[in-house]
2 protein chains.
Amino acid sequence: MSNIIRQALGQICNITDEEWNKLLPFIKTRSIKKNHVLLEQGSKSINFYFITKGLVRFYYSTPEGKEFNKSFHHENDFVGSLLTMKRDMPSTFSIQALEDCELIVINYKEFNTLYDEHRCWDRIGRIMAEELAIRKELREKEFLLDSAEARYESFKAEFPDLQNRINLGHIASYLGITQVQLSRIRKNIK
Amino acid sequence: MSNIIRQALGQICNITDEEWNKLLPFIKTRSIKKNHVLLEQGSKSINFYFITKGLVRFYYSTPEGKEFNKSFHHENDFVGSLLTMKRDMPSTFSIQALEDCELIVINYKEFNTLYDEHRCWDRIGRIMAEELAIRKELREKEFLLDSAEARYESFKAEFPDLQNRINLGHIASYLGITQVQLSRIRKNIK
DNA sequence: GATCGTTTTTAACATAGGTTAAAGGAAATT
DNA sequence: AATTTCCTTTAACCTATGTTAAAAACGATC
């Protein structure tokens with residue numbers, strides 16, 4: 001099971017057996033059912049996760065009871081709240097399983113101790129953070145420049161595999177519009 | 001001059017004299033005038049910059065000739081195109097001086113060689129990328145959840161010092177709305 | 001202080017998107 | 001197959017924002 005995560009990390013930076021053995025005690029596996037809330041907005045998380053199977057959504061909840069999807073993550077993604085992990089602050093969003101999931105759980109504080117052990121962990125952390133920043137910049141650009149219709153087309157182009165796994169309500173929420181408006185857009189396109 | 005940048009980096013991670021002397025040959029200083037375009041969208045940059053004085057905007061240009069401000073940066077900010085630097089791709093945005101600026105110029109390819117020299121550079125790169133990712137996540141959240149009026153209030157709260165240095169047209173462009181709409185919002189607030 | 005360029009506001013009209021509620025469809029359950 | 005639940009579309013109406021153009025305010029310069 002943990003071979004999968006070693007392979008994923010190994011693509012970023014080579015990890016020696018010695019370093020790998022330091023990580024092993026900090027990780028375990030976990031299964032969660034569809035609809036389970038893995039992390040609740042407002043709480044602090046001590047873990048981050050690697051998804052070996054399934055699909056989750058990150059979402060913000062507003063005081064008015066609305067929800068907005070921040071992102072979707074599936075097989076081979078690392079997921080967690082950067083803010084909680086880096087600054088020990090309550091998470092600004094929740095994480096919920098949209099399908100039954102198999103996860104690898106990594107204790108963040110323990111993982112943190114590795115940074116001073118070997119440079120490979122800083123390297124891995126740097127490149128993962130850079131990739132995240134690039135993805136978030138792209139989404140910022142789309143919100144800034146593109147219409148909701150264009151954002152919908154981008155979503156379909158970027159995540160063709162997710163189209164059939166995620167219902168339109170969740171997609172609309174990711175695009176920052178209502179289900180009604182997405183329905184109107186879909187009618188226009190056809 | 002380069003003391004300033006060493007101090008800024010030193011707050012992230014200690015840099016030994018030996019490591020610092022490896023960086024020194026890769027940096028130089030440069031002055032640019034207001035309105036000068038430092039990086040043109042579509043071109044590749046070989047440098048990134050540290051601003052010691054002045055103010056710049058990052059902006060996207062559309063095929064229709066419109067411009068949208070991505071971000072503003074001033075004294076003590078590191079600026080550059082992550083995409084150009086990390087993936088050797090043309091920059092998706094331009095950089096223009098909004099005031100006369102004093103810059104420290106760092107050659108990215110040369111800087112890149114430092115990563116294998118000492119772990120402090122991976123550490124610095126990691127933490128800078130993490131901070132960038134956190135800022136971009138916050139802006140994503142504001143686009144997703146907040147009205148233009150709320151985003152304007154957030155802008156004023158987050159950058160109180162920039163209010164008098166940036167004209168309303170540029171602020172509207174940063175918020176993703178027109179100058180006309182920002183004017184209406186300002187009228188409503190008062 | 002008159003003139004010129006820039007920034008900001010205002011007006012009038014057009015479009016995108018929100019709200020609420022109901023109707024249709026699709027899929028799961030009994 | 002009938003029932004229930006969830007997902008998607010449609011309709012009617014309302015608000016936020018875009019577009020274009022002009023006016024007003026502001027600042028710099030001569």
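We name chains A, B, ... by the order of the sequence lines, and we start the count at 1 in each one.
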Donor + acceptor pair across side chains of [X], [Y] (<3.5 Å):
{"X": "Gln41(A)", "Y": "Ser91(A)", "value": "no"}
{"X": "Thr16(B)", "Y": "Glu18(B)", "value": "no"}
{"X": "Arg186(A)", "Y": "Tyr152(A)", "value": "yes"}
{"X": "Glu149(B)", "Y": "Ser147(B)", "value": "no"}
{"X": "Tyr108(B)", "Y": "Lys44(B)", "value": "no"}

Next on the checklist: Report for the helix from dG1(C)-dC30(D) to dT30(C)-dA1(D): angle between first-end and last-end helix axes, five pairs each, rounded to 10 degrees.
Outcome noted: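 Both end axes considered, the difference amounts to 30°.
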Item to check | Residues which pass ring-ring contact (aromatic ring centres under 6.0 Å, His included) with Tyr115(B), listed by chain and number, not counting sequence neighbours | outcome: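 Applying ring-ring contact (aromatic ring centres under 6.0 Å, His included) to Tyr115(B) gives Phe111(B).
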Rounded off to whole Å, could you give me the [atom1]-to-[atom2] distance for the [X] and [N] pair?
{"X": "Asn188(A)", "N": "dT9(D)", "atom1": "CG", "atom2": "P", "answer": "12 Å"}
{"X": "Ile185(B)", "N": "dT9(C)", "atom1": "CD1", "atom2": "P", "answer": "12 Å"}
{"X": "Lys187(A)", "N": "dG17(C)", "atom1": "NZ", "atom2": "C1'", "answer": "16 Å"}
{"X": "Asn35(A)", "N": "dC6(D)", "atom1": "CG", "atom2": "C1'", "answer": "12 Å"}
{"X": "Phe143(B)", "N": "dT17(D)", "atom1": "CZ", "atom2": "C1'", "answer": "14 Å"}
{"X": "Glu149(B)", "N": "dT17(D)", "atom1": "CD", "atom2": "C1'", "answer": "13 Å"}
{"X": "Lys34(A)", "N": "dA27(C)", "atom1": "NZ", "atom2": "C1'", "answer": "11 Å"}

Checklist entry - Short question: side chain of Asn107(A), backbone of Phe26(A) - any donor-acceptor pair under 3.5 Å? => result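 No, because the side chain of Asn107(A) does not come within donor-acceptor range (under 3.5 Å) of the backbone of Phe26(A).
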Checklist entry - Under a 4.0 Å heavy-atom cut-off, which of residues 162-182 of chain B touch DNA chain C? => result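 Heavy-atom cutoff 4.0 Å gives Asn167(B), Leu168(B), Gly169(B), Gln179(B), Val180(B).
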Checklist entry - Looking at Tyr174(B), does the NZ or CZ of Arg57(B) lie under 6.0 angstrom from its six-membered ring centre and within 45 degrees of the ring axis? => result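 Not satisfied by the 6.0 Å and 45° rule.
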Checklist entry - Given dA16(D), is OP1 or OP2 found less than 4.0 Å from the side-chain N or O atoms of Arg184(B)? => result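 Answer no for this pair, as no side-chain N or O of Arg184(B) is under 4.0 Å from OP1 or OP2.
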Checklist entry - What is the minimum heavy-atom distance between Ala129(A) and Glu130(B), and which atoms define it? => result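 Closest heavy-atom pair between Ala129(A) and Glu130(B): CB-CG, 3.7 Å.
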